[in-house]
Protein chains: 2
Amino acid sequence: MKSSDKIGWAVTAEKLMVDKTLPLAVDDGSARLRVYPHEMERKIQKKDSLVEDAYKVLKASILDGTLPAGYQAVEHRIADQLNMSRTPVHEAVIRLQHEGLVRVMPRRGVQVLPILASDMIEVYQLLVAMEGTAAMLLAKDPDRAQASIQMLEDATSQMERALDADDLRGWARADDQFHRVLVNESGNRRLAKMTATLIDQAQRARAVTLPFRSVPRMSVQEHRIIISAIRAGDQIGARAAAEGHRTRASGEIIKAIGRL
Amino acid sequence: MKSSDKIGWAVTAEKLMVDKTLPLAVDDGSARLRVYPHEMERKIQKKDSLVEDAYKVLKASILDGTLPAGYQAVEHRIADQLNMSRTPVHEAVIRLQHEGLVRVMPRRGVQVLPILASDMIEVYQLLVAMEGTAAMLLAKDPDRAQASIQMLEDATSQMERALDADDLRGWARADDQFHRVLVNESGNRRLAKMTATLIDQAQRARAVTLPFRSVPRMSVQEHRIIISAIRAGDQIGARAAAEGHRTRASGEIIKAIGRL
DNA sequence: TTATGCGCTCTTGCATACCAGATAACATTT
DNA sequence: AAATGTTATCTGGTATGCAAGAGCGCATAA
């Protein structure tokens with residue numbers, strides 16, 4: 001199979017182009033000065049750079065399987081599809097390479113990497129450590145936990161509803177949400193950012209294996225255990241619960257990948 | 001103080017240029033084939049890309065304090081100093097930004113970020129989790145540990161010798177080496193790579209605070225505890241020892257930074 | 001002298017152009 | 001026909017060119 005076919009992400013790219021034309025926040029003069037520089041940055045980056053656009057589109061396409069493992073394309077073609085020049089694509093691709101999603105083979109194009117069982121072992125070992133820490137940090141800080149617990153519970157309830165409706169994708173989405181909230185609310189931004197990358201990879205693996213494995217009702221229950229430990233301020237318990245949850249899930253995923 | 005002065009890394013850059021002209025390994029036909037692919041890659045990447053060069057030089061300069069926090073420069077000037085165009089510098093800078101070492105302010109140049117106590121809290125929380133996991137993994141795999149233990153012991157002895165000679169920098173270097181070996185030998189490449197970034201940040205903080213704090217002889221002792229737990233295959237113990245070590249060090253560093 | 005507004009400059013982000021090197025097809029020779 | 005040498009082409013890495021926007025200074029007016 002030659003790799004010169006058209007690519008399937010044109011739609012996503014177009015949607016994204018539209019988003020970029022959203023009106024920016026304008027200073028109407030009524031606002032008080034002394035905007036926190038932090039907040040200002042937020043407002044400014046409303047308009048993503050092209051690099052960011054390319055990165056997001058490519059990453060999303062890889063994660064949801066639109067660009068399957070083994071897919072290969074040259075930067076120039078990708079740039080055409082995204083209506084931009086090679087420069088931003090090049091930078092985005094390099095970023096994806098650092099995250100382990102693609103590799104660029106000199107003079108052979110960029111290639112979407114396959115999901116290896118060994119990769120998932122690594123990813124889950126890290127998720128165990130990261131989310132264990134996140135749960136512990138949340139349990140340690142009751143004030144912060146207060147607000148977070150609601151989000152965690154919502155995500156878990158959502159999972160339960162999706163399960164009852166036999167909505168596997170909905171379940172997966174809600175499960176992802178739970179884990180992202182867990183690390184985002186930990187108060188450690190580095191932890192949140194690093195773990196996000198890991199969750200991405202896990203998500204990709206799950207997208208592929210989802211049809212092949214039974215959905216564990218157990219995950220809902222385990223999430224609730226984590227939540228109640230956090231609520232109780234039980235650092236050790238929260239950590240152990242989060243670790244146990246990911247450790248168990250790890251086994252299932254890796255078994256499922258082996259079956260592919 | 002205007003920021004248009006010449007920069008101090010010219011030397012480093014030049015040294016690097018020289019290194020690049022070193023004779024590459026040439027295949028004279030006499031060498032036996034079957035070089036380990038790992039080693040081969042090493043050889044090939046002898047010639048780094050310019051992006052890599054820029055990245056390494058800048059990073060090293062930041063870590064060792066040559067480019068102090070608050071330092072500001074524009075990409076063009078950096079490119080001149082490194083004898084390359086803006087493109088590779090631009091990419092390298094973006095990489096450093098993702099690692100949290102610099103930030104690029106839209107039309108004000110790139111700025112070396114200060115070391116905040118809050119950053120170090122985050123970094124050390126993660127180091128605790130990562131190195132704890134690494135130690136556990138090593139303890140779990142006696143075969144792998146076999147070879148690694150020697151390296152860990154060497155680094156620790158080196159620390160001890162440096163302490164006896166009142167060589168603070170030597171001690172710091174050896175300590176770094178210990179921690180890098182620990183994660184590199186864990187068998188989890190992702191863990192190794194992610195932790196390397198964290199160690200870099202910790203190293204930078206220590207470079208600044210080194211003169212202000214008493215060197216803990218304790219660290220040698222703690223390292224030995226970690227090593228013996230690994231040797232004994234005691235996963236729980238190894239993890240606890242590694243965690244405890246970084247947790248204690250965390251307190252000292254953060255106190256030292258506050259004193260700056 | 002101070003305040004206000006206009007424009008110049010400077011810098012980044014992106015596009016385009018260029019180059020080196022590797023691959024692959026083709027030709028040539030045996 | 002097979003093997004080997006040669007050349008054309010293609011691709012990523014790098015350089016350069018261009019445009020847009022933010023800051024700063026200068027001029028002008030009060």
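Every heavy atom of this structure was used, including side-chain atoms; hydrogens, water molecules and symmetry mates were not.
Distance CG (A:L50) to P (D:dA19): 16 Å, rounded to an integer number of Å. Distance CZ (B:R77) to P (C:dT12): 10 Å, rounded to an integer number of Å. As rounded to whole Å, 18 Å separates atom P of C:dG13 from atom OH of A:Y55. In this entry the distance linking CZ of B:R86 with C1' of D:dC18 reads 11 Å, nearest Å. In this structure, the CD atom of A:E75 is 13 Å from the P atom of C:dA15, given to the nearest Å. The CE-P distance, from B:M105 to D:dA22, rounds to 14 Å in whole Å. For the pair B:N83 CG and D:dT14 P, the interatomic distance rounds to 14 Å; values are reported in whole Å. Between the C1' atom of D:dT11 and the CD1 atom of A:I94 lies a distance of 14 Å, rounded to the nearest Å.
With hydrogens and angles ignored, the 3.5 Å screen pairs a side-chain donor or acceptor of A:E122 with a backbone N or O of B:R189. With hydrogens and angles ignored, the 3.5 Å screen pairs a side-chain donor or acceptor of B:N184 with a backbone N or O of B:R180.
Take the nearest nucleotide of DNA chain C for A:R108 and for A:S85: the residue whose nucleotide is more 5' is A:S85.
For B:S49, taking side-chain heavy atoms from C-beta onward, the closest of the listed nucleotides C:dT11, D:dT14, D:dG12 is D:dT14.
For B:T87 and D:dT14, the shortest distance from a side-chain N or O to OP1 or OP2 is not below 4.0 Å. Put simply, A:H76 has no side-chain N or O that comes within less than 4.0 Å of OP1 or OP2 on D:dG12. Taking only side-chain nitrogens and oxygens, A:H90 never comes nearer than 4.0 Å to OP1 or OP2 of D:dG12.
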For side chain to side chain contact (heavy atoms under 4.5 Å, CB included), just list the numbers for B:R246 and B:H179, CA-CA rounded to whole Å, side-chain angles, deciding distance to a tenth of an Å, and then say yes or no. CA-CA 10 Å; B:R246 278 300 201 185; B:H179 289 281; 3.3 Å; yes

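Salt-bridge annotation for A:E52 and A:R95: present, with a side-chain N of the basic residue lying under 4.0 Å from a carboxylate O of the acidic one.
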